[in-house]
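Ligands are counted one by one from 1 in listed order, and the atoms in each one are counted from 1 as well. In this chain, numbering begins with 1 at the start of the sequence shown.
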Amino acid sequence: MAAGRAIAARLQPPALIMLIGDLGAGKTTLAKGIVEALGAAAGEEVLSPTFSLIHEYGASPKVYHIDLYRLDRVPELETLGLEDLWRRPAVVIVEWGEKFDRELPGERIEIRLRCNDDDSRTIEIAQPAAVADRLPRRRRI
Ligand SMILES: Nc1ncnc2c1ncn2[C@@H]1O[C@H](COP(=O)(O)OP(=O)(O)OP(=O)(O)O)[C@@H](O)[C@H]1O
Ligand SMILES: [Mg+2]
């Protein structure tokens with residue numbers, strides 16, 4: 001939740017955030033922190049969109065939380081009409097987006113989550129040069 005707040009404070013919509021990590025790495029938990037810090041919804045209202053694929057929160061900015069775990073083929077992805085989202089001044093958070101690396105916009109912030117042996121998480125943020133100056137290079141929370 002703290003990492004989500006730190007990231008949200010530096011976001012300027014439009015922004016595409018890809019959360020990358022194994023099952024249970026904490027992608028949805030980080031998304032809760034980001035959504036809550038953006039004032040789009042309370043953290044406990046943010047549930048995994050594994051079955052619904054897309055959840056929409058808030059107004060300004062609108063936040064879309066997407067989980068592509070259950071999709072395997074590009075035609076399935078196309079039925080979601082995501083192109084429409086890229087044109088909006090929204091924050092779009094995607095879990096399992098790396099499955100469709102080439103179909104999703106290259107202008108994105110990639111956040112990698114790794115579980116450590118002590119159950120803490122290592123979070124790595126890589127972003128295009130265009131937003132590099134708005135995010136910290138390295139930060140411990
Ligand atoms: N930073 C953390 N430290 C310890 N436990 C965590 C952390 N982040 C998440 N968890 C716990 O790990 C479990 C899975 O978290 P979460 O649902 O966020 O993972 P996920 O990466 O979204 O998984 P999935 O790939 O299934 O969508 C939850 O029980 C959550 O409470
Ligand atoms: Mg999840």
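Within 6.0 Å of CG in Asp22 there are 12 or fewer heavy atoms belonging to other residues, nucleotides or ligands.
The residues lining ligand 1, counting any heavy atom closer than 4.0 Å, are Asp22, Leu23, Gly24, Ala25, Gly26, Lys27, Thr28, Thr29, Glu95, Trp96, Asp119, Arg121.
Counting heavy atoms from C-beta on, the side chains of Glu36 and Val46 never come closer than 4.5 Å. In this structure, Ile7 and Ile109 have side chains that are not in contact, with every pair of non-hydrogen atoms separated by 4.5 Å or more. Annotation: side chain of Leu82 is not in contact with side chain of Val92 (no heavy-atom distance under 4.5 Å). Residues Asp72 and Lys99 form a side-chain contact, since some pair of their non-hydrogen atoms from C-beta on lies under 4.5 Å apart. Counting only heavy atoms from C-beta outward, the side chains of Thr28 and His65 approach each other to under 4.5 Å. Proximity of Phe51 to Arg70: side-chain heavy atoms (C-beta onward) are separated by under 4.5 Å at one or more points.
Of all protein atoms, those of element N, O or S that lie under 2.8 Å from the Mg ion (ligand 2) number 2.
Each of Asp101, Ile17, Val94 was compared with Arg108 under the side chain to side chain contact (heavy atoms under 4.5 Å, CB included) criterion, and only Asp101 meets it.
Counting all heavy atoms, side chain and backbone alike, Ala41 lies closest to Tyr57 at CB-CD2, 3.6 Å.
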